[in-house]
Amino acid sequence: MEIINFDTTPSLVSQYMAEMRDVNIQSDPMRFRRNLERIGQIMAYEISKTLHYSKKSITTPLADAACDVIDEQVVLGTIFRAGVPFHQGFLSFFDNAQNAFVSAYRKYKEKENFDIFIEYIASPRLDGKTLILADPMLATGASMELSYRALLTKGTPSKVHVASVIASRAAVEYIKATFPQESTTLWIGAIDDEINSHSYIVPGLGDAGDLAYGVKE
């Protein structure tokens, strides 16, 4: 499994990440959502370099031009709710992509003990397609894995790109152990070393869903 960590080379992703982590800036939900979207756009562009292209003759007002066009069917998969602005970043670049949505949530049995439930799935057939599965925070990796398993009920993609803004080191190892090694690439904005007793990434940035859309009860 190939792992692409954007944090190894300073770039615009570093700037957007700094703003999302900063308690003095992240309180602006519109800016937080926009930064998620912009990182999604950058990742979409980088992923586009790994896809297969074929030559197509395009007619211009003056002559025909040989152009490279994507000949893979891309499906953008997203986990509600924090994944929505991140997803929009990918969709603004892969504007012809099909889309899949999964609802995964924590149901607490006690303060620090919870199970993850998949409650909703809407997806096209995935057989032979390229799946980009995006969720901003990869804390334990369990939600990502369960969402992927749920999507497999719609068929088996030929390639999988897992994309997150911030991941814990433990979650990276979990994804490596649970996703197909040969066909999966993991794209991460930054890797943090720890998760706390509530399974939040440390230093992380807090609850991405709450910061994007307001605190839930």
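Atom set for the values below is all heavy atoms of this structure, side chains included, hydrogens, waters and symmetry mates excluded. Since this is a predicted model, take the numbers as computed values, not measurements. Counting from 1, the numbers follow the sequence of the chain as shown.
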Review point. When you look at Ser92 and Gln41, which way does the side-chain hydrogen bond (donor to acceptor under 3.5 Å, both in side chains) test go after all the steps?
Key: CA-CA 7 Å; Ser92 64; Gln41 291 171 334; 3.2 Å; yes
Exercise for review: Could you check if a side-chain atom of Gln26 sits within less than 4.5 angstrom of a side-chain atom of Asn35, using non-hydrogen atoms only?
Suggested key: no
Exercise for review: Please tell me if the side chains of Ile121 and Leu151 come closer than 4.5 Å, counting only heavy atoms from C-beta onward.
Suggested key: yes
Review point. Do we see a donor-acceptor contact under 3.5 Å between the side chains of Gln73 and Thr130?
Key: no
Point to revise | Flag side-chain contact, heavy atom, 4.5 Å: Leu51 against Val74 | key: yes
Review point. Taking C-beta and beyond as the side chain, do Ile195 and Thr140 meet within less than 4.5 Å on heavy atoms?
Key: yes
Practice item. Look at the side-chain heavy atoms of Ile, Leu, Val, Met, Phe, Trp and Tyr, link any pair under 4.5 Å apart, and say whether Ile39 and Ile201 land in one connected group. Key: yes
Check your understanding: Could Asp210 and Lys216 be called an ion pair, given the rule that one side-chain N must be under 4.0 Å from one carboxylate O?
Key -> yes
Review point. Which of these, Leu186, Val162, Val102, Thr178, sits in a side-chain contact (heavy atoms from CB on, under 4.5 Å) with Met144?
Key: Val162
**Study point:** Candidate list Glu72, Lys154, Lys159, Gln98, test side-chain contact (heavy atoms from CB on, under 4.5 Å), partner Lys129, passing option
**Key:** Gln98
Review point. Are the side chains of Arg149 and Ile118 in touch, meaning some heavy atoms are under 4.5 Å apart?
Key: no
Check your understanding: With side chains defined as the heavy atoms from C-beta onward, is the minimum distance between Ile175 and Met1 less than 4.5 Å?
Key -> yes
Exercise for review: Give the C-alpha distance, both sets of side-chain angles, the deciding distance and a yes or no for salt bridge (charged side-chain N to carboxylate O under 4.0 Å, His left out) between Asp192 and Arg169.
Suggested key: CA-CA 6 Å; Asp192 289 352; Arg169 200 162 298 280; over 6 Å; no
Exercise for review: Check whether the ring centres of Tyr148 and Phe179 lie less than 6.0 Å apart, and answer yes or no.
Suggested key: yes
Practice item. Decide whether Val13 and Leu138 are clustered together by the hydrophobic rule: side chain heavy atoms of Ile, Leu, Val, Met, Phe, Trp, Tyr closer than 4.5 Å, transitively. Key: no
Exercise for review: Return the orientation label for the Phe86 and Phe90 ring planes: parallel under 30°, perpendicular over 60°, tilted otherwise.
Suggested key: perpendicular
Review point. Between Glu19, Met43, Arg33, which is the residue that forms a side-chain contact (heavy atoms from CB on, under 4.5 Å) with Arg38?
Key: Glu19
Practice item. Kindly assign one of parallel, tilted or perpendicular to the pair Phe80 and Phe101, based on the angle between their ring planes and the thresholds 30° and 60°. Key: parallel
Exercise for review: Would you mind reporting whether Thr8 and Phe6 have side-chain heavy atoms less than 4.5 Å apart?
Suggested key: no
Check your understanding: Any side-chain heavy-atom pair from Lys56 and Ile58 closer than 4.5 angstrom?
Key -> yes
Review point. With Asp64, which residues qualify under side chain to side chain contact (heavy atoms under 4.5 Å, CB included), at least two apart?
Key: Ser57, Thr59
